[in-house]
Each structure stands twice: as structure tokens, then as C-alpha cells.
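What follows is a single structure, written as C-alpha cells, with notes after it.
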Amino acid sequence: FFFQKFEVMTDHVVTLRYDSGSMLVPGDRIGNSRHVLPGPGTYIRGVNVYSCAVGKLSISQHLLDEKSDVERSSTSISASVVPVEGRTYAFSQKVLSVGQVVLGRVTRINIQQATIEIIAAQGQGALGETHGGTIRKEDVRQGASEDVEIRESYRPGDIVTCRIIALGDSRRYFLSTAENELGVVKALCESSGEIMTPVSWKEMECPSTKTRELRKCAKPRDIVS
Amino acid sequence: LFNRTMSKITSSCVPPTLSNCYIPLPSKQSSKGNTSTTKILQTSKESDTRASFIYNSENVADHPAKNKRETRGLRRIHMEKAILTKSNGSSIVEFGQTKILCSVHGPRSPMSSSASGQQEFHSEGVLNVSVKFAPNFGVRPETVASVSVSEASSNAVDPRLAMTTLATSSSPEEVELSIRLQSAISAAVPLERLEKSVIDVNVLIIQSDGSDLAACVTAAILALADAGIELYDLVSCCSVAVVRKRNGDCGSGSEKWVCLVDPTEEEKLASKGMVTLAMLPNWKEVSYWDQSGRISKEITQEAIELCRDGCATMHKFMRQCLIDSNND
């Protein structure tokens, strides 16, 4: 729609079928997509925004950027359906997608790949059921993959952060640690069994025995309180 | 059975009010959706009740409860969700004497689901639907015997043998119900957002007394909503049976047929044909539609309209159930 005139904010009043805070079920039509932006828990079909979850409607004001070709500045409403307390909703939170950062545990290594058990995902917390994942030799770090040794990057039992790069097949996702922030987060020393601290991107040191072991380490992040 | 089609129904006459519908009476089990509509509304012009269509006059007196139900009246509805603690979602639905229990697991990885083949990779999500009759008491032996005459298992004319085959493997009727249920629900589940995931829907028919598919659809959708799976819309489903009027009763003998909504088992067996319709009420689209038996075009049209009214009513009850149980 091309608005001919400049609509002032205060003149533009949008009335919705449902009040903010009312309970909605999937399929309830919230409003026209011209006025309502779809937030989490809603979807657009045709010209309308519908709810797709069971929950309370929450509405927030949203100021559109002025576009150069369309002269309009109007408040738009962003609607989302928020599930009630105590229920974990929305498979959009439960399903792993490509590009998501996950936390996994190394279960097996061989010359070409490391097998990971995905135990948690960013934004979802700990998963109810673990998924399988694989880090191939060429995805361990950026750069050439011929001189990468899996044994010098991971060991079984390590906890790694990695990113999903492909859906893979029914048994596993394909993962990658080819970024500075991804890699081994926690590893135990072989001799003393203590948690090692990263020294550089490729070495970890045991605090008691002072031995160094080779790993592809993740860049340490400050703990956010 | 005719093939189901996706079609748009023009919304010219979907009634917003529940005229001529039998509203379920409030019971101690808090039947849902009837806080404001507890009275039985006006009876229709023809005050013949259903029982008079089905039974002989001497039997009508033996079934006093059935006398009160109008041709456009639904049976007593009871819906509950979140009754199983170990499932992601669950529901129990009763239409009169038909009782259905549904449990939903998902979305989860194909490895942990026993129902899907472990070697397959699905880029979209997969909806596994399985309907089972409760062994030995879910369905009456006479019904099983009457259905399974054309199959190779026609040795199951003996009712007792039929019941044992039900207990061990999926009978043809269960398989057929599963397929129909899957096609009715899958229009409402956005599978393209569920990469590589599997949703298992398991339906148990505790007692079957007509309107099986309608109750299964209702139970499955409530359980899916209870599991937190985002749905495009709630699917509501309704069945209508077409029954011949007895000649002695009707004053104007022009119409021989009458449509009964939400038929019981007896009505289904006595009917000439049945129409089942499952639709997405907010989109005003049909997701499953079938017709069995042999009925004329005009009466089919009437039956479909009655189904649509029934679906609209059912949608109100489902909505009420979801909202009420969340407010608790």
C-alpha cells in the first residue's frame, strides 16, 4: 500500500478484535497485517495476522522507520502471543535450526570426524532429548584442513560449543567450530582429572600438573551476570 | 467413500448463534463451554426426536434420554486436556458415550520416536498418527463384524475372532481411521517449521459410539495445542447421518430423509449415508471431507451445511476448553 499523505502518529488508531492480555488459541485472527506486525506466537496469512499458540496477547508499540520512497510515519503494533507461566511452548524453541549455536559432548573421535552428543542449545537451555552431531575434519577450524588432527582438537569427554551448519541425516546434525568463539569449553586433564584452563586457541593447561594438552579452544567469554 | 478435497466454503451463512442446538447440560464433571448456555433452546418446527426415527414406537419408551435430542442437537460434550503427565500433550474428549484419549509426543528427533523409520531423513517434520481401539471393549463386536466383511479377514465375521485380531495388530478400520485423522489434522500443523522432527499422535478409542473421527480430530487437536505445538488453526470436525423418516410420522410427506448431527452407533448403522467434515474455522477451509453411502445431491447439501454448523459449534467448545484450562 502506498500512502499518499503523511499520517500523523496520533491520528492513527488501531482497534483489535482482542484486548491486550486476553487469552488466545491458535487460529484467532488478531488483525490486519497493515497495522499489526507478527511477533512470536503469531503468523501472517494473506492480509491477516493470526495467533498460532495458546497464550495471552501482548501488544507493544512499534515505530516504523521512515522509508525514502514511502512517506509515512505511523505507529505500528507488534503483537505476540505469550504462553502462560509454567509451560514450555513453541516448537520454534524446541527444534534445532541451521546456524544455531549448541553445546555438545564429544563421545567418539576418529581420523576424519568427531562425534558429538548435543545436550543444550542457545536460547533453549538443556534439551529434553539429546541429538547427535558430527564435526568433520574440515570444519574444525578455519583454514587448511590437511594438517588438522582430530586428536589434537578434541578428546572424548570434552564439552564443546559449535554451530549447526547442516541438518545432516536422521541421526546427526553437521557441526562446525570454525570460529574463534567456538571450540572446547571444558576438558579434563588426562593425568590428574582436573578441569584445564585454555592457554591459547590450541592449548589447554592443567592447573596442578602444569601439563599442556592440545585442543581447539573456544575464546573464553566473560560470565554475564 | 468419496475422496476428500481441499475446498473453500463460502461463509455466507455460518450462524454465530446456537439456534436449534441441544446444549450440553452442566454435569458434575464440569463439561466445558456451557456456563452461559445451560438451557435447551427452542425446538425446531418438526418436533420429532431422533429416537422416533431410529426405533420402533415401542422402543422409544425404553430410551427416555434419547427422546430429548433434536436432529440438530449435539451430544453431551466433555473435553479436558493435560491429563497425562508423561506426555508432552494429552486430552480426553467425550461425545456422549464416545470416549477418546489422545497423547502427543513431540517435536522430537526421529531417533527417539519408535513410530518412524530410523533410517529416513525428513527435511520437513513428520506427523505420525496412530489410532487404536481399546482392546476388547473399545468397539462393539457387531460393528467390527459389519465393517470387515469385504476384507480378506472376512473370517472375522465371528465377533469374538474379530476382537482378538483387533487386540494384536492394526485392523483395517484402525488403519483407515489413522489415515483419515492424519489428513484432517495435518493441514493445521506447520510441518515446514519442524525440520527433522517427529510428532507422534496416539489416539486410543476407549469407547466407540458413533462420530469416531470427529471425536478423534477434536482430541488430537486439543492434545497438540496442549503440547505447545504451534498450530495454524484448530480443526473442528462433525459428522452427520442421513436417515430415512418413517412414513407414518411426517405430516408433509415430501421429504423422506432427515439429517442427524453427531450420530450414535445405532443411528449410524440405521443410516443410509454419512457425511463427515473437518474444517479450519478461522480460515474457513475444509481439511477433510468424506461421504459414505448413497444419498441424493440435495440431502447431501443439507448434510454438509449441518456439518458446518456443527463444526462452528465445536470450535466454540474447543476454544473454551483451551482457555479455561489455562486460566486454572
key: B:Glu285 versus A:Arg45, closest heavy-atom pair with distance   = OE2-NH2, 3.0 Å
Proximity of B:Tyr232 and A:Tyr50 rings by center, below 6.0 Å = no
B:Trp283/A:Arg29 under side-chain contact (heavy atoms from CB on, under 4.5 Å): CA gap, chis, key distance, verdict = CA-CA 9 Å; B:Trp283 288 10; A:Arg29 188 174 71 89; over 6 Å; no
Atom pair CG/CG of B:Asn282 and A:Asn48 - distance to nearest 0.5 Å = 10.0 Å
ask   = What's the shortest heavy-atom distance between A:Val95 and B:Pro107, and which atoms?
value = CG2-CG, 4.0 Å
Could you pull out all donor-acceptor pairs under 3.5 Å where a side-chain atom in residues 148-169 of chain A meets a protein atom, sequence neighbours excluded?
unit_1	atom_1	unit_2	atom_2	d
A:Ser153	OG	A:Glu149	O	2.9
A:Tyr154	OH	A:Thr177	OG1	2.6
A:Arg155	NE	A:Arg151	O	3.0
A:Arg155	NH1	A:Glu190	OE2	2.7
A:Asp158	OD2	A:Arg155	N	2.9
A:Asp158	OD2	A:Arg215	NE	2.6
A:Thr161	OG1	A:Gly183	N	3.4
A:Thr161	OG1	A:Gly183	O	3.4
A:Arg163	NE	A:Glu179	OE2	2.9
A:Arg163	NH1	A:Gly99	O	2.9
A:Arg163	NH2	A:Glu179	OE1	3.2
A:Asp169	OD1	A:Arg171	N	2.9
A:Asp169	OD1	A:Arg172	N	3.4

message = Within this structure, what is the CD1-OG distance for the pair B:Ile323 and A:Ser22, rounded to the nearest 0.5 Å?
response = 8.0 Å
query = Just wondering, more than 12 heavy atoms not from A:Lys186 lying within 6.0 Å of its NZ?
reply = no
note = Taking every heavy atom of A:Pro26 against every heavy atom of B:Asp233, the minimum-distance pair comes out as O-OD1, 3.5 Å
inquiry  = Please evaluate residues B:Glu230 and A:Tyr43 with respect to the criterion side-chain contact (heavy atoms from CB on, under 4.5 Å), reporting the C-alpha separation (whole Å), side-chain torsions for both, the decisive distance (0.1 Å), and the verdict.
reply    = CA-CA 10 Å; B:Glu230 289 161 339; A:Tyr43 67 96; over 6 Å; no
message = Pair B:Arg319, A:Leu24 - check side-chain contact (heavy atoms from CB on, under 4.5 Å), show working.
response = CA-CA 8 Å; B:Arg319 195 162 186 278; A:Leu24 293 186; 4.2 Å; yes
ask   = Do you know which of A:Ser97, A:Cys52, A:Gly132 has the most heavy-atom pairs under 4.5 Å to chain B?
value = A:Cys52
